[in-house]
Protein chains: 2
Amino acid sequence: MAGTNADMSDSYKQEIRDLALFADMDEINFRALMRGAYVQNFPPRIDLIHENEPPDFLHVVLSGSVDLFAEWNGRETSMATVRPVSTFILAASVRNLPYLMSARTLEKSRIALIPSQDVRTVFTVDCAFAQAIVAELAQCYRSVVKNTKDLKLRTSLERLANYLLRQQARTGSTEFNLTMEKRRLASFLGMTPENLSRAFRGLEPYGVKVEGNRIMITDLEDLLSYAKPNPLIDDYSA
Amino acid sequence: MAGTNADMSDSYKQEIRDLALFADMDEINFRALMRGAYVQNFPPRIDLIHENEPPDFLHVVLSGSVDLFAEWNGRETSMATVRPVSTFILAASVRNLPYLMSARTLEKSRIALIPSQDVRTVFTVDCAFAQAIVAELAQCYRSVVKNTKDLKLRTSLERLANYLLRQQARTGSTEFNLTMEKRRLASFLGMTPENLSRAFRGLEPYGVKVEGNRIMITDLEDLLSYAKPNPLIDDYSA
DNA sequence: CGGGCCACTTGATAAATGTCAAGTGTCTGT
DNA sequence: ACAGACACTTGACATTTATCAAGTGGCCCG
């Protein structure tokens, strides 16, 4: 395990406290949670947790980014990217069941670790915390359902087109940089890197220009009419 | 809307009360929930809800079975089957966000409908109920994650093989009947009916015999070594 | 009994996706 | 500056999966 242990500074605590998950809970209970928690700095590409391990800690990404991925039979797929400030593996923590996914840092990252046991203890006594967990889990559940719909209802070209449109909506610009390596994007979208390359070229006729990491949507209307984005799949805020 | 409205009988109430979701909540609050609830009988193949509708009711399947499915761009895919006694669309209900999936009865079914507004109201005052919702949502979330891993990490033949093994484990027998039409199974597994037919024949060399709806696993070891089931994908209880 | 519906199957073919191998370019660290 | 590593691309090819069309068989209903 790499990284340097550090006492939880007040500024970190405040960052965590500001998360919807912790914002409404009782101060006493929040302090109890923080008592056993600590912050670590990790270099890029460090494994944080591995699937099938018991959920010792609830993780909070304070800075950097984390890849959630899964393996089976020698194959590996990227499931999601966690960006600041948010938590991951909440479901495993509250149910005290083994992780279903592994996690590794993508870049230099600061992660807070909160003992799962404390999370479970506090959540049985703090109603506001339990309610916040409900909201968070419902949100997570809906995100995965959307992802499943994306995978089952669309071809890889359509998935890429809609992914680009989501990025366009997020940045508010028709020109942006990819936020992850293409190989990871390919894995996230459920295809091979070779196919992603071809898919990018396959979108050229619909007004997508690619220069390295930079994406330029030159004909938004055209791309929209091909991709047919749908809030029930592509709107990650609802 | 088909089906006959019916007052909630005490035996139905007890069935619902026995669900883990409602078992620990305060009796007063449970009664408040039941006050606005009612039970309806539905014939087969009736649409209960449609994606994008506001979540008016939390549904509880008391008998029969319900198909959850999703549509996009003229395509449709089966997402899950809900069997008694359990609830569906809990996440939409508690977040008060539109359904991500549609639901239709597969057979004659008895469904209890609990106003979502009451669920949200009660869950803010009943800590035990909030905790039960957490447990339920965490479970649902993990199921969908497993399903995503199944889809992204396995070929259709492997998905079918593992599906059969899960049925084998559930029934405790190497001989069983499929619990749904093959066309729905195909959709659930993310393939076409034609391909499912071919996949069944593709599993013959691994000791799978098919006669109509009846499946016979004649060489469990062989099938296991091909399918390589994994608790982190196939064990729906954990 | 017979007709028609429908799920399922099968074969031929097409499209989508993955694999393998080679090549380009960038970046990094010596 | 240079070597090596590595992400990405490209082309040829294999595999997987979907589509289309036709056929089988069961089942319901007149």
Side-chain angles (χ1 to χ4, degrees), chain A residues 43-45 67 72-78 104 106-108 150-164 177-206 208-215 226-227, chain B residues 43-45 67 72-78 104 106-108 150-164 177-206 208-215 226-227:
Chain A
R45 285 153 208 278
D67 181 34
W72 179 77
N73 198 24
R75 298 166 212 167
E76 177 182 319
T77 190
S78 175
R104 71 165 73 97
L106 290 167
E107 51 192 312
K108 189 167 176 302
D150 192 42
L151 281 169
K152 290 183 79 176
L153 291 167
R154 290 172 171 163
T155 66
S156 59
L157 201 58
E158 290 164 343
R159 289 199 296 277
L160 176 59
N162 281 289
Y163 175 84
L164 295 179
N177 290 314
L178 294 175
T179 58
M180 59 177 117
E181 289 177 294
K182 287 183 182 170
R183 64 199 325 270
R184 277 199 60 241
L185 177 57
S187 178
F188 175 70
L189 293 175
M191 53 203 209
T192 58
E194 293 96 326
N195 252 320
L196 179 62
S197 266
R198 291 177 192 117
F200 271 122
R201 269 186 309 132
L203 289 180
E204 268 176 26
Y206 301 102
V208 174
K209 272 199 157 40
V210 184
E211 278 172 22
N213 258 4
R214 185 137 199 93
I215 307 294
Y226 172 74
Chain B
R45 284 153 208 278
D67 182 33
W72 178 79
N73 198 22
R75 299 168 209 165
E76 177 181 319
T77 190
S78 175
R104 72 166 72 97
L106 290 167
E107 53 193 309
K108 190 168 175 303
D150 192 42
L151 282 169
K152 291 182 78 176
L153 292 167
R154 290 172 171 162
T155 66
S156 59
L157 200 58
E158 289 165 343
R159 289 199 295 278
L160 176 59
N162 280 290
Y163 175 84
L164 295 178
N177 290 315
L178 294 175
T179 57
M180 58 177 117
E181 288 179 295
K182 286 183 183 171
R183 61 200 328 269
R184 275 201 61 243
L185 178 58
S187 178
F188 175 70
L189 294 176
M191 54 209 227
T192 57
E194 293 97 325
N195 252 319
L196 179 63
S197 266
R198 292 187 260 264
F200 272 123
R201 268 186 310 133
L203 288 180
E204 268 175 27
Y206 302 101
V208 174
K209 273 199 157 41
V210 184
E211 278 173 22
N213 258 3
R214 187 137 199 92
I215 307 294
Y226 172 74

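Each chain gets a letter, A, B and so on, in the order the sequences are listed, and its residues count up from 1. All values below were derived from every heavy atom in this structure, side-chain atoms included, with hydrogens, water molecules and symmetry-related copies excluded.
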Establish, with yes or no, whether the OP1 or OP2 oxygen of dA16(C) is under 4.0 angstrom from a side-chain nitrogen or oxygen of T155(A).
-> no
From dT9(C), dT17(D), dA7(D), nucleotide with atom closest to S156(B) side chain | dT17(D)
Separation of R154(B) atom CZ from dT17(D) atom C1', in whole Å?
-> 19 Å
N195(B) has its side chain closest, among dA18(D), dA12(D), dC8(C), to dA18(D)
Under 4.0 angstrom, heavy atoms only, what part of the nucleic acid is R201(A) near: base, sugar-phosphate, or nothing?
-> sugar-phosphate
Residue R198(A), side-chain heavy atoms: nucleotide from dC8(D), dT17(C), dA12(D) that is nearest | dA12(D)
Should we count CZ of R45(B) as having more than 12 external heavy atoms under 6.0 Å?
-> no
NZ of K182(B) versus P of dC6(C): gap in Å, rounded?
-> 19 Å
Quick one: does N162(A)'s side chain have a donor or acceptor within less than 3.5 Å of a partner on A227(A)'s backbone?
-> yes
Bending between helix ends of the helix from dC1(C)-dG30(D) to dT30(C)-dA1(D) [5 pairs per end, 10° resolution] | 30°
Could you state the CG-C1' distance from N213(A) to dT9(D), rounded to the nearest angstrom?
-> 14 Å
Under 4.0 angstrom, heavy atoms only, what part of the nucleic acid is G202(B) near: base, sugar-phosphate, or nothing?
-> nothing
When the distance from NZ of K152(B) to C1' of dG18(C) is rounded to whole Å, what number comes out?
-> 15 Å
Would K152(A) and E76(B) pass as an ion pair if we require N to O under 4.0 Å?
-> no
State, with a plain yes or no, whether a side-chain heavy atom of L185(A) is found less than 4.5 Å away from one of L196(A).
-> yes
F200(B) six-ring face occupied by K209(B) cation (under 6.0 Å, within 45°) = no
Figure out the CG/C1' separation between L153(B) and dG18(C), and round it to whole Å.
-> 15 Å
Nucleotide nearest T192(A) when distance is taken to its side chain, options dG18(C), dC8(C), dT19(D) | dG18(C)
When the distance from CG of L151(A) to P of dT17(C) is rounded to whole Å, what number comes out?
-> 12 Å
Under-4.0 Å salt bridge between E158(A) and R75(B) | yes
Nearest-Å distance, CZ (R183(A)) to P (dT10(D))?
-> 17 Å
Taking atom types as they are modelled, is there a donor-acceptor pair under 3.5 Å from the base of dC20(D) to the side chain of E194(B)?
-> yes
